[in-house]
Amino acid sequence: MRNFDEHNITEAVLGRVRNASDPRVRQVSEAVVRHLHKFIREVDPTFEEWQQAIQFLTDTGKMCSDTRQEFILLSDTLGASMLVDAINHRLPEGATETTVLGPFYVDNPPVAELGDDISGGAEGIPMYCHGIVRDSGGKPIAGAIVDTWHSDDEGYYDVQHYDEGGTISMRARFQTDENGEFRFWSIVPNYYPIPDDGPVGKMLGAQGRHPYRPAHVHFMISAENCEKLVTHVFIAGDKYIDSDVVFGVKESLIKALDHQHAGTAPDGREMDKDYAILNYDFVLSPGK
Ligand code: BEZ
Ligand code: FE
């Protein structure tokens, strides 16, 4: 076949990809072609604009490294990550809702003891964080693995300070006790901009958007016979709570800090300065 034009090119390409032997490859390829061609017809790009689009994707790829994943940021800021998350987590009633993993999780975080201070000496308002992990029947889960990580008082993760000699802090792995409880000390995190010095930052600027995420504490919780839970707890009252750049906020994940004056903390620790308590209980859904 030859003489392809704007009226017959879509069918011609669809005809070729239909030869894929794997049905999933065929389905995905057909969808890519249909939607891409529809997008091009709708946008009606000039040749220069199409070249700009290719340059944007090229720059996005070039920005990626072992420590920077610009394509994930692109997926996050276009709401694609949260859409994939939603489709894959049609959870039973009562299960804790999920949200994006983000690029700042580090595999095999340091193992800490319940009650430890994981702030690594970072400046900020001390925060006592605790809660119970339960299964969907309401039973506390002993021995659940609770990974947590969060930003500092200025909105930076520890990994963003590694170049200047920073070390691991504000992240750890705990195991729940016999009552399903986890507890640790750290500092109150702050809101922060996602890395915006690359093509995704330029895109946000061009779209008239800010690059901020509201303050949150990340949790990744796993236990036998349960679905792994990837979520955050957002701090109520944050100025970006209703405009998270990656669309990750869910009402059920917002929790107010309980501000306390210096004195004896719930775990018996004597605090010589004011501190905050963040209490959140998690419910894991049954494993598939
Ligand atoms: C985060 O919460 O760590 C995050 C999520 C998406 C993009 C950038 C950061
Ligand atoms: Fe985060």
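In listed order, ligands and their atoms are each counted from 1. This one's a predicted model, so the numbers in the text were calculated from it and none came from an experiment.
Those atoms of ligand 1 with a heavy atom of Arg213 less than 4.0 angstrom away are 1 (C), 2 (O), 4 (C), 5 (C). Of all atoms in ligand 1, listed by their number and element, those nearer than 4.0 Å to a heavy atom of Leu73 are 7 (C), 8 (C). With ligand atoms numbered from 1 in the order given, ligand 1 contributes 1 (C), 2 (O), 3 (O) to contacts under 4.0 Å with heavy atoms of His218.
Residue-environment remark: CG (Leu114) exceeds the threshold of 12 foreign heavy atoms within 6.0 Å. Counting non-hydrogen atoms of other residues, nucleotides and ligands closer than 6.0 Å to OH of Tyr156 gives a total of 12 or fewer.
Nearest to atom 7 (C) of ligand 1 among the protein's heavy atoms is Asp76 OD2, 3.2 Å. Counting protein heavy atoms only, atom 3 (O) of ligand 1 is closest to Tyr192 OH, 2.8 Å. At the top of the distance list for atom 9 (C) of ligand 1, counting protein heavy atoms only, stands Pro103 CD, 3.2 Å. Protein heavy atom at the shortest distance from atom 5 (C) of ligand 1 is Gly102 CA, 3.4 Å.
Side-chain atoms of Tyr280 and His232 form no donor-acceptor pair, as typed in the model, at a separation below 3.5 Å.
In summary, the aromatic rings of Tyr192 and Tyr157 are positioned with their centroids under 6.0 Å apart.
Hydrophobic clustering places Leu73 together with Met82 (ILVMFWY residues linked when any side-chain heavy atoms are closer than 4.5 Å, directly or through intermediates).
Shown here are the protein N/O/S atoms lying under 2.8 Å from the Fe ion (ligand 2), water excluded: Tyr157 OH, Tyr192 OH, His216 NE2, His218 NE2.
The closest approach between Trp149 and ligand 1 stays at or above 4.0 Å for every heavy atom of the residue.
For Arg183 and Asp267, the salt-bridge test fails: no basic side-chain N is under 4.0 Å from an acidic carboxylate O. In summary, Asp197 and Arg68 engage in a salt bridge, as defined by a charged side-chain N under 4.0 Å from a carboxylate O.
Relative orientation of the His218 and Trp149 rings is parallel, given thresholds of 30° and 60° on the angle between their planes. Ring planes of Tyr191 and Tyr240: perpendicular class, angle over 60° (limits at 30 and 60°).
For the side-chain hydrogen bond (donor to acceptor under 3.5 Å, both in side chains) test, residues two or more places apart in sequence or in another chain that qualify with Asp59 are Gln55.
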